[in-house]
Structure formats: structure tokens, C-alpha cells
Amino acid sequence: MRLGTNPHRPLHIPAPHGWYFLTAHTFENQYIFHDDARKKILASVVSHAQRKFQAKIYGYIFWANHYHMIVSLPDDNLGRGETWLVQYV
């Protein structure tokens, strides 16, 4: 399957102020964020990333083994921001 043709891994084309639907799973789908304390840690990391990359987060949901977010960035740093964030998930 070519890059960007899998509906579960769409190609993100970076654009200033573009909106993106981001999702990521934990390593081997482990249930790491299974309680409120761990979800608060994830929320703190996301909040830090939001400030670091000047992102706007329009919506999000955290589950025990993955998250979904709708974000926009003022520049085309989506790749850097997403890479920075998923290293913690």
C-alpha cells in the first residue's frame, strides 16, 4: 500500500493554519492511560506541546490506548510537532 492510501494512516499535507485530525496508539496497543492520573499526565504533555508549537486544539479524546485530536498550527510544523508528541505515547 502506498503512503497516504491507507484510510487509517492518511497523508498529512502540512499547511499554515491547516486543520488536522491526529490519532496515535500506544506501543503494542497497551492500556497505558487506564486511569485519570495517567490521562492527566498525557493532558500535561499535550498542553506542553500546544505551547511549544503554538497549536490550537479544537477537540480531543483520550482512551486507555490511544487518542484523537483536532488541531491547527500557525506554520507547517505538523511533522515536528506530531513526532515530538508521539514519542511520549
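Everything quoted here is computed from the prediction, not taken from an experiment.
Listed by first and then second residue, the side-chain hydrogen bond (donor to acceptor under 3.5 Å, both in side chains) pairs involving residues 32-47 are S47-R51 (not counting sequence neighbours).
Listed here is the closest heavy atom pair of T23 and Y67: OG1-O, 2.9 Å. Shortest non-hydrogen contact noted between T26 and A64 is CG2-O, 4.4 Å.
Evaluation of the side-chain contact (heavy atoms from CB on, under 4.5 Å) rule for Q54 yields P74 as partners, not counting sequence neighbours. Remark: W63 engages I61, N65, H66, H68 in a side-chain contact (heavy atoms from CB on, under 4.5 Å) (not counting sequence neighbours). Under the rule for a side chain to side chain donor-acceptor pair (under 3.5 Å), the partners of Y58 that lie at least two apart in sequence or sit in another chain are S72. Residues passing the ring-ring contact (aromatic ring centres under 6.0 Å, His included) test with Y60, sequence neighbours excluded: F62.
Here I41 sits alone; no ILVMFWY side chain lies under 4.5 Å from its own, so it joins no hydrophobic cluster. Grouping Ile, Leu, Val, Met, Phe, Trp and Tyr by side-chain contacts under 4.5 Å, direct or through others, leaves Y31 on its own.
When side chains are defined from C-beta on, I57 does not count as touching I70, because their heavy atoms never get closer than 4.5 Å.
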